[in-house]
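To keep things clear, I will list the structure first and then write my remarks on it.
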Amino acid sequence: MRFAIIENEFGDVGVDENILAVKKEEVQEEVIEVMNGCICCTVRGDLVEALKRMYKKISQFDAVLIETTGLADPAPVIQTFFVDDQIPSMYVLDGVLTVVDAKHIIARLDEEKPEGVENEAVEQ
C-alpha cells in the first residue's frame with residue numbers, strides 16, 4: 001500500500017519527516033507537515049487545506065494517515081471529515097487508532113494539576 005501522511009509537527013523545525021524517510025527516491029509516501037499547530041485542538045483550516053491539496057494526487061496513494069502529536073484529542077480531526085462540505089466526497093474515514101504509552105499512562109492519569117488546568121490524559 002502507498003500512504004499519504006499528514007504529519008502534525010509542533011514547533012518551528014520538522015523532525016519526523018527525517019525519521020520516516022530513509023532515501024527520498026525509495027519512499028512511496030507523500031508527507032505533508034502541518035507546522036506550529038495542533039490539528040487536534042480545533043477543526044483547523046490547515047488540515048482541510050492539506051487534505052484538499054493531497055486529493056489532487058489521490059491516484060498516487062491508497063490511504064491517508066493523519067498523525068497527531070502528544071495527548072491529542074481525535075474528535076476535531078474526525079469532525080473534519082463531516083464538517084467541511086467537500087471532504088466527505090473526497091475521503092472516507094475508515095478508522096481511528098490511538099496509541100498509549102503503557103509504561104507512563106497511570107502516572108499521567110494520577111497527575112495532580114493546578115486548579116483550572118485540565119489533566120489532558122484524563123480528558124482524552
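As the structure is a computational prediction, the values presented were derived from the model and not from experiment.
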**Report entry** K52/D84 under side chain to side chain contact (heavy atoms under 4.5 Å, CB included): CA gap, chis, key distance, verdict
**Finding:** CA-CA 11 Å; K52 288 178 181 178; D84 184 83; 3.6 Å; yes
Atom pair [atom1] ([X]) and [atom2] ([Y]), whose distance is rounded to the nearest 0.5 Å:
| X | Y | atom1 | atom2 | result |
| --- | --- | --- | --- | --- |
| L97 | I66 | CG | CD1 | 12.5 Å |
| M1 | D62 | CE | CG | 4.5 Å |
| M54 | E49 | CE | CD | 12.5 Å |

Query - Donor-acceptor under 3.5 Å (N119 side chain, E111 main chain) - result: yes
Report summary line: side-chain contact (heavy atoms from CB on, under 4.5 Å) filter on E118, not counting sequence neighbours, yields E120, E123
For residues 87-96, run the donor-acceptor check on the side chains, cut-off 3.5 Å, and write out each pair with its distance to 0.1 Å, sequence neighbours left out.
| unit_1 | atom_1 | unit_2 | atom_2 | d |
| --- | --- | --- | --- | --- |
| S89 | OG | Q86 | O | 2.8 |
| Y91 | OH | L51 | O | 2.6 |
| Y91 | OH | Y55 | N | 3.2 |

Query raised in the report: Is it the case that one hydrophobic cluster holds both V122 and I106, taking links as side-chain heavy atoms less than 4.5 Å apart, direct or via other members?
Result: yes
Report task. List for me each residue that meets side-chain hydrogen bond (donor to acceptor under 3.5 Å, both in side chains) alongside D101, sequence neighbours excluded, and say none if there are none. Result -> H104
Report summary line: Heavy-atom closest pair (R2 atom, S59 atom, distance to 0.1 Å) is NH2-O, 3.3 Å
